[in-house]
2 protein chains.
Amino acid sequence: MSLRMALLGLLTAKGAANGYELTKAFGDTLSHVWSAQHSQVYPELARMAEAGLVTAEDEGPRGRKRYSVTEAGGEELRRWLTEVEPSRTVRNEVALRAFLLPSLGATAAAQLVREEEKFYRQRAEAIAQLRDSLQAPDTPGFGAYAAELGVRLSTAIADWAEWAAGRLESEAGDVREAEPDDREHGTHEA
Amino acid sequence: MSLRMALLGLLTAKGAANGYELTKAFGDTLSHVWSAQHSQVYPELARMAEAGLVTAEDEGPRGRKRYSVTEAGGEELRRWLTEVEPSRTVRNEVALRAFLLPSLGATAAAQLVREEEKFYRQRAEAIAQLRDSLQAPDTPGFGAYAAELGVRLSTAIADWAEWAAGRLESEAGDVREAEPDDREHGTHEA
DNA sequence: CTTCCACATGTCAACATCGACATATCCGTC
DNA sequence: GACGGATATGTCGATGTTGACATGTGGAAG
């Protein structure tokens, strides 16, 4: 249902759009919230039209179809938000990799989380910029709350990575001090 | 591949386990990292055994199978961590609902995020407790880094929800003060 | 000694998602 | 006017995930 709701939300925010524009939104503004390919978007829009949640208006010139939310679609969206219990199942590859870190030596693990830190520091900045650009008086708040959440989540991951890297690096150092033999040749240091 | 790697990690941490125990881990300790049902775990373990990443040791008494990681399995896990680019595709229902918030009136939206705040405040506390219990000197760090990340992420969501609720509540107040007529009975237009 | 629950493993149909394949048009550049 | 890139829509097979169905055992409580 989530993809369907994302599409209803996008169409509500934009007023009307075609599948191509909606797919681009999943690559741009919505990329830190939900992702979908065009191969998922087009069939879903067709199903939604059949269910009466959106209206399809063929117009071209390029065989283009313009979709708009119907009243039933708006109601469905509000019903989902207020009445359907959110799915809390977590499937987070960053967290999974965090769990698996001890499989690696401290040095290699530290290097990995340093890269994570860099990535999420950049992502936080990018979303912050998006959030600030959303202050423009167009769609009333659409995306602003999600962007704020995105900034906070990305920053939290970056901070965690910084903390973890520090811990792992000092662990690597301790090992080297405590056991000054030559068996650390296998994994190079950061 | 993520499920496979999660299983390899769990088996590395535990030394050896059967499918039932591994499934339970996805419901308990790993639930804030990755989730999976037994209907996914059993076939995957069979495929992993066939691929030589784990060894299956039938022993019963209840037709029970004990799995252990092979050397090839350990190598595969380290290879995945260090050489395979992490998938950064985000599919976050909390964030999606955040994006959709403006579809609702400020009052209803504020109520929703207050519930989110409560939920994630509790989750943060639960994971913090798990993290502290992991300080025991058993498995060397397995789970501790992931738990720390879980605490930070849950806290970040709760903080965001508190901030959003405050904003939405003041917005609801402003509307009532600024427009003392009765047209806020329905759902106002987006 | 029966009944119930936790243990334990599996299959299957339905749905979600991905990446590749397929097609065609509009438009600006060379 | 040929060519390429962005626009635009679709299908399809493979894989990931869920929830329901199916089956049987060991042990503890009554």
Side-chain angles (χ1 to χ4, degrees), chain A residues 1-8 10-11 14 16-28 30-31 33-51 54 56-67 80 84-93 96, chain B residues 1-8 10-11 14 16-28 30-31 33-51 54 56-67 80 84-93 96:
Chain A
M1 280 298 98
S2 296
L3 172 62
R4 179 167 289 199
M5 297 310 144
L7 289 169
L8 284 175
L10 277 172
L11 286 172
K14 288 167 177 277
N18 57 42
Y20 188 79
E21 292 171 314
L22 294 170
T23 302
K24 268 202 306 183
F26 280 111
D28 299 343
L30 230 60
S31 63
V33 168
W34 203 267
S35 68
Q37 316 293 320
H38 78 274
S39 55
Q40 239 188 311
V41 170
Y42 288 121
E44 184 63 27
L45 283 171
R47 279 190 292 267
M48 288 164 74
E50 204 185 346
V54 296
E57 178 194 345
D58 285 57
E59 54 170 69
R62 245 165 285 189
R64 191 165 113 221
K65 290 175 191 172
R66 200 149 197 82
Y67 289 94
W80 183 75
V84 176
E85 188 70 10
S87 159
R88 321 264 195 194
T89 57
V90 178
R91 202 163 277 125
N92 185 335
E93 197 177 305
L96 176 59
Chain B
M1 282 299 98
S2 297
L3 172 62
R4 179 166 289 200
M5 297 309 143
L7 289 169
L8 284 175
L10 278 172
L11 286 172
K14 287 167 178 274
N18 56 41
Y20 188 80
E21 292 171 313
L22 294 169
T23 302
K24 268 202 307 183
F26 280 111
D28 299 342
L30 230 61
S31 63
V33 168
W34 203 268
S35 69
Q37 316 292 320
H38 79 273
S39 54
Q40 238 188 313
V41 171
Y42 288 120
E44 184 63 27
L45 284 171
R47 278 190 293 268
M48 287 162 74
E50 206 185 345
V54 295
E57 177 194 346
D58 287 57
E59 55 170 68
R62 247 167 281 193
R64 193 163 109 219
K65 291 176 190 170
R66 201 148 198 79
Y67 289 95
W80 184 75
V84 176
E85 188 69 11
S87 159
R88 320 264 195 197
T89 56
V90 178
R91 202 162 276 127
N92 184 335
E93 197 177 305
L96 177 58

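Proteins get letters first, then strands, A, B, ... in listed order; numbering begins at 1 in each. As a basis for the values below, the full set of heavy atoms in this structure was taken, side chains included, without hydrogen atoms, waters or symmetry mates. In this text the structure is predicted, and so the values were computed from the model without any measurement.
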### Query
Is there a side-chain contact between B:L8 and B:V54, using heavy atoms and a 4.5 Å cut-off?
yes
### Message
Just to verify, what does A:E44 make a side-chain hydrogen bond (donor to acceptor under 3.5 Å, both in side chains) with, not counting sequence neighbours?
### Response
A:R4, A:R47
### Query
Can you tell me how far P of D:dG19 sits from CE of A:M1, to the nearest Å?
14 Å
### Query
According to a strict under-4.0 Å criterion, is A:R91 in side-chain N/O contact with OP1 or OP2 of D:dT18?
yes
### Query
How close or far is atom C1' of C:dG10 from atom CG of B:L22, stated in whole angstroms?
15 Å
## Note on the structure
Atom CZ of B:F26 and atom C1' of C:dA8 are separated, to the nearest Å, by 17 Å
#### Entry: Heavy-atom check, side chain of B:L3 versus side chain of B:Q40, under 4.5 Å
yes
### Message
For B:E21, give me all partners under side-chain contact (heavy atoms from CB on, under 4.5 Å), at least two apart in sequence or on another chain.
### Response
B:A17, B:N18, B:R66
### Task
Could you walk me through whether B:L22 and B:L45 pass the side-chain contact (heavy atoms from CB on, under 4.5 Å) test, one step at a time?
CA-CA 10 Å; B:L22 294 169; B:L45 284 171; 3.9 Å; yes
#### Entry: Sub-4.5 Å side-chain heavy-atom contact between B:W34 and B:L7
no
### Query
What integer distance in Å separates B:Q37:CD from C:dC15:P?
17 Å
## Note on the structure
5' to 3', nucleotides 5-14 of chain D under a 4.0 Å protein heavy-atom cut-off (B base, S sugar-phosphate only, - none) gives --BBBBB---
### Query
Whole-Å distance between C:dC18 C1' and A:L3 CG?
13 Å
### Query
Rounded to the Å, how far apart are B:L45 CG and D:dG16 P?
14 Å
### Message
Taking only side-chain N and O atoms of A:R47, does any of them lie within less than 4.0 angstrom of OP1 or OP2 on C:dA16?
### Response
no
### Query
A:D58 has an atom CG; how far is it from atom P of C:dT25, in whole Å?
16 Å
### Query
B:E57 has an atom CD; how far is it from atom P of C:dT9, in whole Å?
13 Å
